[in-house]
Amino acid sequence: MKIATFNINGVKARIDALTNWIDDTQPDVAVLQEIKSVDEGFPREIFEDKGYNVETHGQKGFNGVALLSKFPLEDVTRGLPGAAGAGRDGVDDEEARYIEATVVGDKAVRICGLYLPNGNPAPGPKYDYKLRWMERLQARAAELISHEEVALMCGDYNIIPQAEDAARPDAWRDDALFRLESREAFRRILNLGYTEAFRAREAGAGHYSFWDYQAGAWDKNDGIRIDHFLLTPQCADLLNNCWIESDVRGREKPSDHVPVWVDLAA
DNA sequence: ATGGCTGGCTGTGCCAGA
């Protein structure tokens, strides 16, 4: 089973680039972030016509996540549990950043798609929101680990885990994506027993998943690695490969992120 | 570089992103 996570930066603006990418690469599951669309506005028919099941958790203008899957999507939940002032379903804040479903291929895989808050400027209320959101993610991650099942959490974490994950780490030192508290919060989740799939396959520097639109960042390869797959032990046992499809950044009207893939024996 | 693009909006400039 080939699963890709991809922050598309707006489904309307990206529809040609996104459908061309799907036609070319045929992911079994695509986990999308920043659809920037309400559920009713998401062009689900385009993907259904290509053989995908579609589940969205959208909002107007910003954020929004979606799952596309060639396999059935079961037990779909929307929103990260544990928000203060939880709504009638007991889930979430007003920001649509999280969706889960079970994908049933050769094996059942619980897939969590997330768009973790950026958190800038830091310090400040947005950074506080990021850290609180990460506490809630850690709680959900601990629950998933306790089930001892094949599960993964993937998406745009807005976390640069280590200095080697940025072309210019010093430029990010005080940024919400890289400051120590952010990396510690990410590491606490990892240390529950998760495997970061890309680092399980590639130890070196110079691998990025985001390049800013500004200042010729792509041309200078001034990137950061912030899109990740975290695998439960049962899922890590099935990991065949993990890679970043960086050339997508150089195509027509690209997102500022590129797809990250895992291939699972599932 | 405390912002050089880009996307979304009900906008005719602003906010958000990272």
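The structure displayed is predicted, hence computed values, not measured ones. A, B, ... follow the sequence lines: proteins, then strands. Residue 1 opens every chain.
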What is the distance, rounded to the nearest whole Å, between atom [atom1] of [X] and atom [atom2] of [N]?
| X | N | atom1 | atom2 | result |
| --- | --- | --- | --- | --- |
| A:Arg168 | B:dG3 | CZ | P | 14 Å |
| A:Arg14 | B:dG17 | CZ | C1' | 13 Å |
| A:Phe62 | B:dG7 | CZ | P | 14 Å |
| A:Ile8 | B:dG17 | CD1 | P | 16 Å |
| A:Gln33 | B:dG7 | CD | P | 17 Å |
| A:His257 | B:dC5 | NE2 | P | 18 Å |
| A:Glu34 | B:dG8 | CD | C1' | 11 Å |
| A:Ile15 | B:dG7 | CD1 | C1' | 15 Å |

Cation over ring, [X] on [Y], under 6.0 Å and within 45°?
| X | Y | result |
| --- | --- | --- |
| A:Arg97 | A:Tyr115 | yes |
| A:Arg183 | A:Phe178 | yes |
| A:Arg249 | A:Phe210 | no |

Could you check whether [X] gets within reach of a base, just the sugar-phosphate, or nothing at all, counting any heavy atom under 4.0 Å?
| X | result |
| --- | --- |
| A:Ala215 | base |
| A:Asn63 | nothing |
| A:Asn9 | sugar-phosphate |
| A:Tyr115 | sugar-phosphate |
| A:Lys130 | nothing |
| A:Asp156 | sugar-phosphate |

For this session: Just name whichever nucleotide pairs with B:dG4, Watson-Crick or G-U, keeping both distances under 3.5 Å, else none.
Result: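 Across all strands, not a single nucleotide pairs with B:dG4.
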
Are any of [X]'s side-chain N or O atoms less than 4.0 Å away from OP1 or OP2 of [N]?
| X | N | answer |
| --- | --- | --- |
| A:Lys253 | B:dG7 | yes |
| A:Lys60 | B:dT10 | yes |
| A:Lys36 | B:dA16 | no |

Exercise. Looking at A:Lys253 and A:Asp16, does any basic side-chain N land under 4.0 Å from a carboxylate oxygen?
Worked result: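 Judged by the 4.0 Å cut-off on N to carboxylate O distance, A:Lys253 and A:Asp16 do not form a salt bridge.
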
Problem set entry | N-O pairing of A:Arg140 and A:Glu143 below 4.0 Å |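 Here A:Arg140 pairs with A:Glu143 in a salt bridge, since their nearest N and O are under 4.0 Å apart.
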
Exercise. Does A:Asp256 make a side-chain donor-acceptor contact with the base of B:dG17, cut-off 3.5 Å?
Worked result: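 No pair found.
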
Same-atom distance ([atom1]) from [N] to [M], integer angstrom:
| N | M | atom1 | result |
| --- | --- | --- | --- |
| B:dG17 | B:dT12 | C1' | 22 Å |
| B:dG7 | B:dA1 | P | 26 Å |
| B:dC14 | B:dG3 | C1' | 15 Å |
| B:dC5 | B:dT10 | P | 26 Å |
| B:dG4 | B:dC9 | C1' | 23 Å |

For this session: Specify the residue among A:Lys220 and A:Gln59 whose closest nucleotide of DNA chain B lies further upstream toward the 5′ end.
Result: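 Nearest-nucleotide comparison on DNA chain B picks A:Lys220.
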
For this session: Could you say whether A:Pro117 or A:Gly216 is positioned toward the 5' end of DNA chain B, judged by the nucleotide with the nearest heavy atom to each?
Result: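 Looking at DNA chain B, the more 5' nearest nucleotide goes with A:Gly216.
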
Problem set entry | Side chain to side chain, A:Met134 and A:Phe186, heavy atoms closer than 4.5 Å |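 Yes, at least one pair of side-chain atoms sits under 4.5 Å.
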
For this session: Choose from B:dA16, B:dG8, B:dG4 the nucleotide whose nearest atom is closest to any side-chain atom of A:Ala13.
Result: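 Per side-chain heavy atoms of A:Ala13, the pick is B:dG8.
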
Exercise. To the nearest 0.5 Å, what is the distance between CH2 (A:Trp261) and CG (A:Asp28)?
Worked result: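 CG of A:Asp28 is found 8.0 Å from CH2 of A:Trp261.
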
